[in-house]
Amino acid sequence: MYDKVCNFCGKRLSEFYQTGMLGCPHCYKAFEKQVLSTLYKIQGKTFHVGKTPYNLSGEDRYLLSRYKELISEKERATIEGRFSDIRGLTKEILEISNQLKSRGII
């Protein structure tokens with residue numbers, strides 16, 4: 001059987017059917033035709049809303065979002081063997097992490 005895969009995170013459609021969970025926001029587009037009606041039944045929405053707390057300011061939301069993006073990028077860089085990129089990503093992750101910690105977000 002053909003098992004569709006999200007090109008961004010590598011999650012398989014069969015995993016969604018087993019767990020009811022998608023791997024990333026890009027999965028919504030990758031598996032759109034297969035999962036929209038199921039997603040609507042499960043969560044009342046057909047789009048990714050994430051787990052960001054609602055009480056964050058705009059700057060805090062940006063920092064948290066950027067932090068998550070950088071971690072994902074570092075994971076991709078590691079998998080792809082882009083070691084020269086990892087150092088810079090690690091430095092930026094640490095800087096944002098310290099800001100988020102000082103604000104009591106993480």
Side-chain angles (χ1 to χ4, degrees):
M1 181 178 141
Y2 176 71
D3 194 12
K4 202 168 184 183
V5 176
C6 174
N7 291 333
F8 190 81
C9 72
K11 184 84 167 191
R12 296 185 171 281
L13 182 58
S14 61
E15 293 176 71
F16 168 76
Y17 289 128
Q18 291 171 353
T19 66
M21 297 176 66
L22 294 171
C24 73
H26 301 278
C27 288
Y28 284 76
K29 188 67 177 165
F31 307 135
E32 183 176 39
K33 293 177 184 172
Q34 295 83 8
V35 303
L36 280 184
S37 64
T38 304
L39 287 172
Y40 188 76
K41 289 175 189 173
I42 293 171
Q43 64 186 23
K45 298 174 186 67
T46 58
F47 54 90
H48 179 71
V49 293
K51 296 182 181 180
T52 303
Y54 292 106
N55 60 346
L56 296 180
S57 71
E59 186 177 355
D60 291 345
R61 280 183 189 272
Y62 170 77
L63 286 172
L64 188 57
S65 174
R66 182 70 180 141
Y67 177 75
K68 291 176 182 179
E69 287 174 12
L70 289 168
I71 289 174
S72 294
E73 178 60 28
K74 183 179 173 184
E75 289 172 359
R76 281 192 302 278
T78 302
I79 290 168
E80 295 169 3
R82 293 184 286 124
F83 302 109
S84 60
D85 295 343
I86 295 171
R87 185 177 305 124
L89 291 166
T90 302
K91 181 179 177 187
E92 194 171 349
I93 289 168
L94 183 60
E95 289 171 3
I96 292 176
S97 172
N98 288 336
Q99 290 179 30
L100 291 170
K101 285 177 185 173
S102 72
R103 294 167 184 250
I105 297 171
I106 60 169

Please give me the minimum heavy-atom distance between [X] and [Y], naming the atom from each residue.
X   : Y   : result
D85 : A77 : CB-CB, 4.4 Å
C27 : K11 : SG-CB, 3.9 Å
A30 : K4  : O-NZ, 2.9 Å

Please step through salt bridge (charged side-chain N to carboxylate O under 4.0 Å, His left out) for the pair R66 and E59, ending with a clear verdict. CA-CA 10 Å; R66 182 70 180 141; E59 186 177 355; over 6 Å; no
Using 0.5 Å steps for rounding, measure from the [atom1] atom of [X] to the [atom2] atom of [Y].
X   : Y   : atom1 : atom2 : answer
Q99 : L94 : CD    : CG    : 10.5 Å
L64 : I96 : CG    : CD1   : 10.0 Å
R76 : L89 : CZ    : CG    : 9.5 Å
F8  : K29 : CZ    : NZ    : 16.0 Å
E75 : C9  : CD    : SG    : 10.5 Å
L13 : Q18 : CG    : CD    : 10.5 Å

For the backbone of [Y] and the side chain of [X], can you confirm whether one donor and one acceptor N or O come within less than 3.5 Å of each other?
X   : Y   : result
D3  : S14 : yes
E15 : R12 : yes
S65 : R61 : no

Can you check whether I93 reaches K74 side chain to side chain, under 4.5 Å on heavy atoms?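 A side-chain contact exists here, since the closest heavy-atom pair is under 4.5 Å.
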If you count every heavy atom of other residues, nucleotides or ligands that lies below 6.0 Å from R87 atom CZ, does the total exceed 12?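 It does not: R87 CZ has 12 such atoms or fewer within range.
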Going only through I, L, V, M, F, W and Y residues with side-chain contacts under 4.5 Å, is there a path from F31 to Y17? yes
Same cluster or not: I86 versus L70, using hydrophobic residues (I, L, V, M, F, W, Y) connected whenever any side-chain heavy atoms lie under 4.5 Å apart? no
Determine, step by step, whether H26 and N7 satisfy the side chain to side chain contact (heavy atoms under 4.5 Å, CB included) criterion, reporting the C-alpha distance in whole Å, the side-chain angles of both residues, the deciding distance to 0.1 Å, and the verdict. CA-CA 8 Å; H26 301 278; N7 291 333; over 6 Å; no
